[in-house]
Amino acid sequence: MEKPWATLGADLYLKPTGPGLRRGLTDALREAARTGRLAPGTRLPSSRSLAADLGVARNTVADAYADLVAEGWLTARQGSGTRVTDRATPRPPGRPAPRPREPGRLPYDLVPGRPDLSFFPRTEWLRAARRALASAPHEALGYDDPRGRAELRTALAGYLSRARGVRAEPDRIVVGSGFAQGLKLLGEVLRGRAEGSPAAPDALAVESYGLDVHWDIVQRAGLRTVPLPFDDLGTRTDALTGEAAVLLSPAHQFPMGGALPPERRAAVVDWARRTGGLVLEDDYDGEFRYDRQPVGALQDLDPDHVVYLGTASKSLAPGLRLGWMVLPPSLVPEVVAVREVGGWSGGVLDQLTLAEFIVSGAYDRHVRAARLRYRRRRDALVEAVASRAPRVRIRGIAAGLHAVLELPPGTEASVVRAAAWQGLAVHGLSRHRHPHAVTEPLDALVVGYGTPPDHAWTGALEALCRALP
């Protein structure tokens with residue numbers, strides 16, 4: 001009697017055509033290999049497995065394999081099974097030719113917004129993943145709460161309260177794939193309010209300097225973006241009027257780097273209370289502080305009018321696609337309703353892993369180690385610029401993973417080009433300026449010193465210094 005496991009093997013869809021089973025099967029396999037549907041190197045099912053799947057005799061499959069081996073379409077080796085020959089295959093009809101390869105990345109990268117990915121704690125993360133998966137209930141792998149796994153929301157509530165001063169309860173936290181998704185959800189809610197009431201505002205105030213991708217998300221949601229004035233103290237929150245909400249990075253303004261002064265923090269909260277507007281707080285790198293006491297979350301001043309948004313993109317890695325919002329109680333049902341309609345729930349395994357990573361203390365240990373690592377790079381950047389380009393002023397260095405290097409007026413474009421000639425990718429400040437900002441333009445570079453891996457850091461710093469005036 002044949003054992004049940006004897007017919008187990010890889011799945012392969014085939015539709016034999018033509019007269020005779022052997023010929024039809026041979027033709028179908030040949031066509032699949034010829035067109036590339038079976039890629040070179042693909043291991044085919046055993047003759048017994050494929051025969052059972054197709055309902056034919058095993059000898060029929062074995063003979064078809066032998067024919068194609070003789071023709072050169074397949075190879076058969078002891079211990080390696082039967083595989084598609086590694087040979088050039090033509091493009092299937094109608095498929096466009098592949099695009100020519102884009103020019104390769106520059107050797108050195110100081111583009112802001114990314115951590116050193118080589119520093120991701122792979123070993124600790126794997127341990128947390130194993131523990132989380134081993135202890136997860138079966139129901140965790142089913143359709144989940146649209147707010148995210150309760151384990152992660154509970155872990156985040158404790159961590160954010162302890163480390164960032166956020167007033168959070170698990171029921172008010174919504175976990176998603178990152179800041180961008182959170183902003184999309186909030187944009188949908190604000191647009192729905194505007195459509196539901198002619199008197200509701202359809203504008204969102206933003207900072208004069210920020211990320212164009214965030215402005216695009218808001219505008220795609222059907223809202224206007226209104227840039228606020230910016231001065232030496234940061235964003236002018238006293239310029240808020242009748243907008244539906246305001247998007248701020250108060251603990252560490254991106255990209256200019258300063259913290260919003262206490263009087264302006266109080267002013268924006270007063271505005272929200274007076275008008276019913278929302279404050280969207282982007283705390284994108286709140287863990288990294290060097291020369292000053294940590295700046296607590298603005299949300300602590302008024303949890304009923306401030307939405308706190310955080311992410312693992314800077315502290316761990318953007319590829320995890322994990323972010324969170326702490327919502328005012330009145331906003332939770334609206335956000336959950338939009339999320340359910342859009343089907344924007346995230347994967348549970350990484351959520352469970354991050355929860356275990358936080359609760360075990362591994363997250364705190366990693367952040368402390370990363371903080372020391374990035375501070376050393378910050379110090380090296382400041383020292384190198386001071387000695388090699390003393391006319392360049394550095395600002396925004398007390399926190400975060402980037403610094404702003406102020407340049408002589410009219411030199412930003414030429415310095416960015418000079419950096420490219422040195423093999424260095426770096427952003428000019430102008431690309432982060434809102435197109436309708438009234439603030440006087442400033443020539444500067446935004447240098448992401450957290451981005452390069454260790455082996456490339458010295459070369460990147462040297463290339464930067466050669467490009468500076």
Side-chain angles (χ1 to χ4, degrees), residues 105 107-138 140-141 144 148-164 170 173 175-179 181 283-290 294 310-324 345-381 399-402 448-461:
R105 286 186 174 181
Y108 303 116
D109 188 353
L110 290 177
V111 169
R114 295 193 297 271
D116 178 358
L117 301 180
S118 70
F119 194 54
F120 182 79
R122 294 173 186 249
T123 301
E124 288 293 336
W125 185 262
L126 183 58
R127 288 173 183 162
R130 286 172 173 163
R131 291 193 299 266
L133 189 57
S135 61
H138 297 312
L141 302 178
D144 197 21
R149 285 300 303 173
E151 294 91 336
L152 179 54
R153 291 187 284 113
T154 300
L156 285 171
Y159 173 77
L160 294 174
S161 174
R162 168 173 56 83
R164 300 296 301 126
I173 296 177
V175 176
S177 64
F179 178 87
Q181 188 191 71
D283 193 34
Y284 63 99
D285 65 354
E287 291 87 354
F288 300 114
R289 297 289 177 266
Y290 310 125
T311 173
S313 295
K314 307 298 183 293
S315 58
L316 287 169
L320 291 179
R321 308 302 301 152
L322 284 171
W324 43 87
S345 59
V348 300
L349 296 182
D350 282 340
Q351 292 185 43
L352 292 170
T353 300
L354 180 57
E356 172 64 25
F357 201 70
I358 293 172
V359 171
S360 69
Y363 187 79
D364 284 270
R365 291 192 296 272
H366 170 72
V367 166
R368 285 184 178 277
R371 189 182 297 141
L372 178 60
R373 183 190 193 96
Y374 294 136
R375 177 169 185 160
R376 287 171 175 164
R377 289 194 182 179
R378 192 274 321 253
D379 292 346
L381 171 67
L401 304 179
H402 72 274
Y449 55 81
T451 304
D454 279 347
H455 68 82
W457 165 240
T458 301
L461 186 56

query = Should we count CZ of R365 as having more than 12 external heavy atoms under 6.0 Å?
reply = yes

inquiry  = So, taking the atom named CZ in F357 and the one named CH2 in W125, what distance separates them when rounded to the nearest 0.5 Å?
reply    = 6.5 Å

key: Where R289 and D285 come nearest, the two heavy atoms and their spacing   = NH1-O, 3.4 Å

inquiry  = Between Y290 (side chain only) and G400 (backbone N and O only), is there a donor and an acceptor less than 3.5 Å apart?
reply    = yes

inquiry  = Centroid separation under 6.0 Å, is that true for the rings of Y159 and Y363?
reply    = yes

query = When rounded to the nearest 0.5 angstrom, what distance separates OG in S315 from CG in L401?
reply = 9.5 Å

query = Hey, is the main chain of V175 close enough, under 3.5 Å, to the side chain of R153 for a donor-acceptor pair?
reply = no

request  = Report yes if some heavy atom in the side chain of P318 is under 4.5 Å from a heavy atom in the side chain of L117; otherwise report no.
outcome  = yes

ask   = Is the closest side-chain heavy-atom distance between L110 and P452 below 4.5 Å?
value = yes

query = Is there side-chain contact between L322 and D350, with heavy atoms separated by less than 4.5 Å?
reply = yes

key: Contact check, side chains of L316 and P121, non-hydrogen atoms, under 4.5 Å   = yes

inquiry  = Can you tell me how far apart OH (Y449) and CZ (R373) are? Round to the nearest 0.5 Å.
reply    = 13.5 Å

ask   = Of the non-hydrogen atoms in A140 and V348, which two are nearest, and what is the gap between them?
value = O-CG2, 3.4 Å

ask   = P112 and H402: which non-hydrogen atoms are nearest, and at how many Å?
value = CB-CB, 4.1 Å

note = Heavy-atom nearest pair, A370 first then F288, reads CB-CE2, 3.8 Å

inquiry  = Any non-hydrogen side-chain atom of R368 less than 4.5 Å from a side-chain atom of L372?
reply    = no

key: Any S360 side-chain heavy atom under 4.5 Å of R131 side chain   = yes

inquiry  = To check you understand the geometry: which heavy-atom pair defines the closest contact between L133 and L349, and what is its length?
reply    = CD1-CD2, 3.7 Å

message = Using 0.5 Å steps for rounding, measure from the CH2 atom of W457 to the CG atom of D116.
response = 10.5 Å

key: Test salt bridge (Lys or Arg N to Asp or Glu O under 4.0 Å) applied to D454 and R377, step by step   = CA-CA 10 Å; D454 279 347; R377 289 194 182 179; 2.8 Å; yes

Sub-6.0 Å ring centroid separation between H366 and F119 = yes

request  = Rounded to the nearest 0.5 Å, what's the gap from CD on E151 to OG1 on T353? Could you check?
outcome  = 11.0 Å

ask   = Can you check whether V111's main-chain N or O pairs, donor with acceptor, with T451's side chain at less than 3.5 Å?
value = yes

message = So for atom OH, which belongs to Y284, do other residues, nucleotides or ligands contribute more than 12 heavy atoms lying within a distance under 6.0 Å?
response = yes

inquiry  = Can you confirm whether more than 12 heavy atoms, excluding those of R122, are under 6.0 Å from its CZ atom?
reply    = no

inquiry  = If you compare all heavy atoms of A317 against all heavy atoms of P115, which two are closest, and at what distance to 0.1 Å?
reply    = CA-CG, 4.5 Å

ask   = Donor-acceptor pair, Q351 side chain versus R149 backbone, under 3.5 Å?
value = yes

